[in-house]
Student: 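Pasting in a structure now, in structure tokens, and then I'll have a few things to ask.
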Amino acid sequence: KAGVTQTPRYLIKTRGQQVTLSCSPISGHRSVSWYQQTPGQGLQFLFEYFSETQRNKGNFPGRFSGRQFSNSRSEMNVSTLELGDSALYLCASSIQGYAYNEQFFGPGTRLTVL
Amino acid sequence: QKEVEQNSGPLSVPEGAIASLNCTYSDRGSQSFFWYRQYSGKSPELIMSIYSNGDKEDGRFTAQLNKASQYVSLLIRDSQPSDSATYLCAVNNAGNMLTFGGGTRLMVKP
């Protein structure tokens with residue numbers, strides 16, 4: 001069974017630009033969560049989608065948004081990029097998105113904002 | 001603020017020894033607990049999940065949960081140099097949102 005895939009793997013953008021990251025979950029998994037990982041803040045939850053609906057949202061500004069498609073694939077968008085948005089963005093999928101479901105991470109997208 | 005705390009390390013153990021990694025959490029309503037391993041430059045890899053008090057064993061790994069003390073631990077028996085990585089404790093306390101500790105860096109010396 002293929003794992004979680006994320007594209008692109010690396011991105012370099014400049015301040016003020018916007019970026020869209022993509023995530024394809026493990027086949028059969030319907031829940032997709034997004035996390036940001038930085039050396040200073042560690043791994044932080046961004047948001048979670050299930051059946052095309054955002055169910056949970058972390059403490060991030062409105063510049064961070066996402067969506068999920070009917071095939072469970074998900075995208076996240078960051079508008080008006082800031083230097084502090086430089087991070088590893090991780091997508092994780094789980095079967096139903098319940099508390100007892102295990103989450104499996106993709107390889108991540110490393111975003112550098114110049 | 002729901003918190004998950006881990007000693008950042010590094011925790012250094014000789015090859016073949018038992019490595020003990022610890023984690024405490026603040027939210028008593030937490031329902032499920034996970035250990036992830038992350039190699040430098042890679043994404044987190046799920047090692048263990050545990051949901052009820054007691055021990056859960058999987059190969060060389062044993063997870064221990066004590067909800068009364070709000071404490072989770074991971075034991076790695078017969079530690080190998082390939083186990084050298086950062087170990088992340090994660091707690092699910094609201095729906096499907098994981099709160100992570102800062103991670104413990106483990107170094108296994110040959």
Side-chain angles (χ1 to χ4, degrees), chain A residues 3-7 9-10 21 23 25-26 29-51 53-60 66 68 72 74 87-110, chain B residues 1-10 23-53 56 58 61 63 65 67 72 74 85-105:
Chain A
V4 179
T5 59
Q6 291 186 246
T7 58
R9 293 293 310 278
Y10 303 91
L21 312 181
C23 171
I26 293 170
H29 284 196
R30 297 173 62 194
S31 170
V32 173
S33 297
W34 288 89
Y35 296 84
Q36 181 197 65
Q37 187 173 32
T38 59
Q41 298 298 318
L43 256 166
Q44 294 185 289
F45 173 80
L46 279 156
F47 30 65
E48 184 237 357
Y49 286 88
F50 179 80
S51 291
T53 300
Q54 186 183 91
R55 288 197 302 191
N56 293 292
K57 190 176 191 306
N59 190 25
F60 278 83
Q68 186 181 35
S72 295
S74 177
L88 179 66
Y89 289 89
L90 293 158
C91 161
S93 77
S94 62
I95 291 177
Q96 292 283 2
Y98 300 138
Y100 298 97
N101 291 158
E102 295 171 333
Q103 294 188 30
F104 300 91
F105 283 88
T109 295
R110 186 162 296 280
Chain B
Q1 181 80 9
K2 298 169 183 174
E3 295 182 344
V4 179
E5 300 287 343
Q6 294 182 256
N7 189 317
S8 62
C23 169
T24 58
Y25 60 94
S26 62
D27 184 7
R28 285 195 171 274
S30 300
Q31 298 177 298
S32 50
F33 309 85
F34 305 90
W35 283 99
Y36 288 85
R37 175 175 64 196
Q38 186 172 28
Y39 293 111
S40 180
K42 301 294 186 181
S43 63
E45 172 194 8
L46 181 67
I47 299 176
M48 295 282 289
S49 56
I50 187 165
Y51 310 124
S52 54
N53 282 328
K56 178 182 178 182
D58 184 0
F61 300 96
L65 174 60
K67 288 187 177 181
V72 194
L74 179 70
T86 296
Y87 289 80
L88 298 162
C89 173
V91 175
N92 194 327
N93 45 34
N96 202 31
M97 182 179 81
L98 293 180
T99 300
F100 283 85
T104 298
R105 185 174 158 219

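In what follows, chains are A, B, ... by sequence order, proteins preceding strands, each numbered from 1.
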Student: Quick one: do Phe45(A) and Thr99(B) satisfy side-chain contact (heavy atoms from CB on, under 4.5 Å)? Show the steps, please.
Tutor: CA-CA 7 Å; Phe45(A) 173 80; Thr99(B) 300; over 6 Å; no

Student: Which bit of Gln41(A) is near chain B, if near means a heavy-atom gap under 4.5 Å: side chain, backbone, both or neither?
Tutor: neither

Student: Rounded to the nearest 0.5 Å, what separation is found between the OG atom of Ser43(B) and the CZ atom of Arg110(A)?
Tutor: 11.0 Å

Student: Would you say that more than 12 heavy atoms from the other residues, nucleotides or ligands in this model lie under 6.0 Å from the CD1 of Ile95(A), or not?
Tutor: no

Student: Can you measure from OH (Tyr36(B)) to CZ (Phe105(A)) and round to the nearest 0.5 angstrom?
Tutor: 5.0 Å

Student: How many angstroms lie between atom CZ of Phe100(B) and atom CD of Gln37(A), to the nearest 0.5 angstrom?
Tutor: 8.5 Å

Student: Restricting to non-hydrogen atoms, name the atom on Asn92(B) and the atom on Gln103(A) that form the minimum distance, rounded to 0.1 Å.
Tutor: ND2-NE2, 4.5 Å

Student: Where is the tightest heavy-atom contact between Asn101(A) and Phe34(B), given as atom of each residue plus distance?
Tutor: O-CZ, 3.9 Å

Student: Check each atom of Leu90(A) against the heavy atoms of chain B and say whether the ones under 4.5 Å are side chain, backbone, both or neither.
Tutor: side chain

Student: Would one find more than 12 heavy atoms of other residues, nucleotides or ligands at under 6.0 Å from atom CZ of Arg55(A)?
Tutor: yes

Student: Given that the side chain runs from C-beta out, which part of Glu48(A) has a heavy atom under 4.5 Å from chain B: side chain, backbone, both or neither?
Tutor: side chain

Student: Can you tell which part of Phe50(A) gets under 4.5 Å to a heavy atom of chain B, answering side chain, backbone, both or neither?
Tutor: neither

Student: Could you check whether any side-chain N or O of Tyr51(B) sits under 3.5 Å from a backbone N or O of Tyr100(A), counting only pairs where one atom can act as donor and the other as acceptor?
Tutor: yes

Student: Calculate, to the nearest 0.5 Å, the distance between atoms CG and OG belonging to Leu98(B) and Ser94(A) respectively.
Tutor: 8.5 Å

Student: Not counting sequence neighbours, which residues clear side chain to side chain donor-acceptor pair (under 3.5 Å) with Gln6(B)? List them please.
Tutor: none

Student: With a 4.5 angstrom heavy-atom cut-off, which part of Gln38(B) approaches chain A: side chain, backbone, both or neither?
Tutor: side chain

Student: Can you sort out the partners of Tyr49(A) under ring pair (Phe, Tyr, Trp, His ring centres under 6.0 Å), two or more places apart, ordered by chain and number?
Tutor: Phe47(A)

